[in-house]
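Here the structure comes first, spelled out in structure tokens, and everything after it is commentary.
These values consider heavy atoms only, across backbone and side chains, with no hydrogens, waters or symmetry-generated copies. Every chain is numbered from 1, with letters handed out A, B, ... down the list of sequences. Keep in mind it's a predicted model, so treat the numbers as computed, not measured.
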Amino acid sequence: MMSQRDRMAPIITSLLVAMVFSIIPLPEIVEPLRPYWVALVLIFWCLETQGIITLGAAFLVGLGLDLLTGSLLGMHALGLVIMIYLVTRFRARLRFFPPWQQALSVLALLVNDRIVVVWIISLRGDSLPSAAYWLAPVVGMLVWPWLFLLLDRYRGISRHRAHPGA
Amino acid sequence: MARGDAVVGAKFSGQAALTARLMMYVLLAIVLMAMDHRGKYVPRMRAYADYLVEPIYHVVEWPVRALRGTWSFFQSTQSMQRRNKDLADQLLAQQAQLQRFEALEQENRRLRELLDGSGRLEINYQFAELIDVDLDPFSHRVMIDRGRDRDVQVGQAVIDGAGVVGQVEEVDLHFSRVRLISDPNHALPVQINRTGQRTVAYGLGNTGLLSLPNLPREADVREGDLLVTSGLGSRFPGGYPVAVIETVDRAEGRMFAEAMARPLAALDRGREVLLLKKPLPQPLPERVAGDATLESDQDSGTAEPVTTESQPDTDIGQDGDGGATENPGQDEPVAEAADEVNDSGADDEGAAVAEEQS
């Protein structure tokens, strides 16, 4: 049995890296295509571990992201809580989907999140985003299988390092 | 939070508990957003919580800066020489302009003595550099690398070599966030340099365009007119160039002409900016100072611009209209306009002095 700390370390590290990636500067043309890294990483850990990525954890991560991007406090938190709710609800099914089907579900989750964000933005009276805004979930879907493999590998390595005998 | 979960979990089971928790967090998020939007408590908490995420900005900033340093190291001598020559040319041209400024400054001082005018306002600059991070893509904001440790204050005007960039909105320890004039929630009191006509320039969420929706139909506005800050609203000192008029639309059946203007500052590609440190002549009430960013400005300004008397915000537009069209005979608006011109002159003068000093 792994200790709590051993299980948390890779999750926190990968989330921090995802946060860095979500504000790293990109050329203006590519910028709207930036995948929602934090959400993808959260979905992965929610699928692969039990009882760590709770709704409360998703809420806190979302608040961190709100502070980081300077958006309305609670905007990302709301989106991520809804997303993790859906993932937890359908976790049993999602886990055993073949990769392409899993990627499609990720697309649905990301699009759903964008709808929530657009709703908040329109309530606030800001200008609505361009059409390219809806391409980001597609990029997220394309990235998903590779990110899954990468995180799975990373998880294996960190587990091995914590328990060399296992 | 975990204890709350456990309590809820004991009462419900499985799906129901999950849904209940979802509702709880959704409600919490909505309350937070509403409070943040209304500016209640949350912004102050935010100022402290921002320290938590500051290290991440450093992590992002460092490799970008290192890359840029390496890049400039490997730039060919030829391109450096070309750049050097360009800069020398630019310097020469600007020195020629400065000579003229000196003469103007002398003249201004003389005239001021004649008028027994008040002391002039000196304006100091503080250099700042943009930080390469992409913030929330829905509001037009940028980060600069000066914060509370360098005495940056909320509301300071930010300009670059060509024109007005925006104003400081949040100040952290080492960073500040600047709202650009192109942000859809930003309104900037301006005046047309050629005629003195005053109006308000609104951002459109597009770095290449500003909108001037409430110009009088008969106003003398042309393509190519320069817009400068009018100094009203007490946020931006007067006389700084803002934008150039691109199109004027005098559509039939509308009360006002609408003009579009192109900002002069490099809003989407600039790297270096200047923070203006202005000595406030007298502390103004908070509401007046905050007017430039109030969202209600936009709504009331465009929706029912006729009844300006009752509007708290459009004293700017009212003055401009009054001075230009309605009652040119009355003393008050004209005197005010003259005052305004003096002020902006003083600002220019101060600017010239500051430039000479630096």
Nearest non-hydrogen partners of A/G56 and B/Y25, listed with the distance: CA-OH, 3.2 Å

Residue pair A/L63 / B/L32, side-chain heavy-atom distance below 4.5 Å: yes

Exceeds 12 heavy-atom contacts within 6.0 angstrom, atom CZ of A/R93: no

B/A29 versus A/G74, closest heavy-atom pair with distance: CB-O, 3.8 Å

Student check: side-chain heavy atoms of B/V60 and A/F21 closer than 4.5 Å: no

Closest non-hydrogen atom pair, B/L18 against A/R89: CD2-N, 4.1 Å

Spatial distance of atom CZ (B/R141) from atom OG1 (A/T69) [nearest 0.5 Å]: 8.5 Å

N/O donor-acceptor pair under 3.5 Å between B/Y57 side chain and A/L68 backbone: yes

Interchain contact, B/V59 with chain A, by part (heavy-atom threshold 4.5 Å): side chain

Nearest atoms (heavy-atom pairs only) where B/V53 meets A/G64: CG1-O, 3.9 Å

Side-chain donor or acceptor of B/D36 paired with backbone N/O of A/L73 under 3.5 Å: yes

Which portion of A/I84 sits near chain B, non-hydrogen atoms under 4.5 angstrom: neither

Point-to-point distance, once rounded to the nearest 0.5 Å, from CZ of A/F59 to CZ of B/R21: 14.0 Å

Interatomic spacing from CD1 in B/I56 to CD1 in A/I24 - rounded to 0.5 Å: 11.5 Å

Gap between atom CG of A/L72 and atom CE of B/M35 - 0.5 Å precision: 12.0 Å

Rounded distance [0.5 Å steps], CD1 in A/I120 versus NE2 in B/H37: 12.0 Å

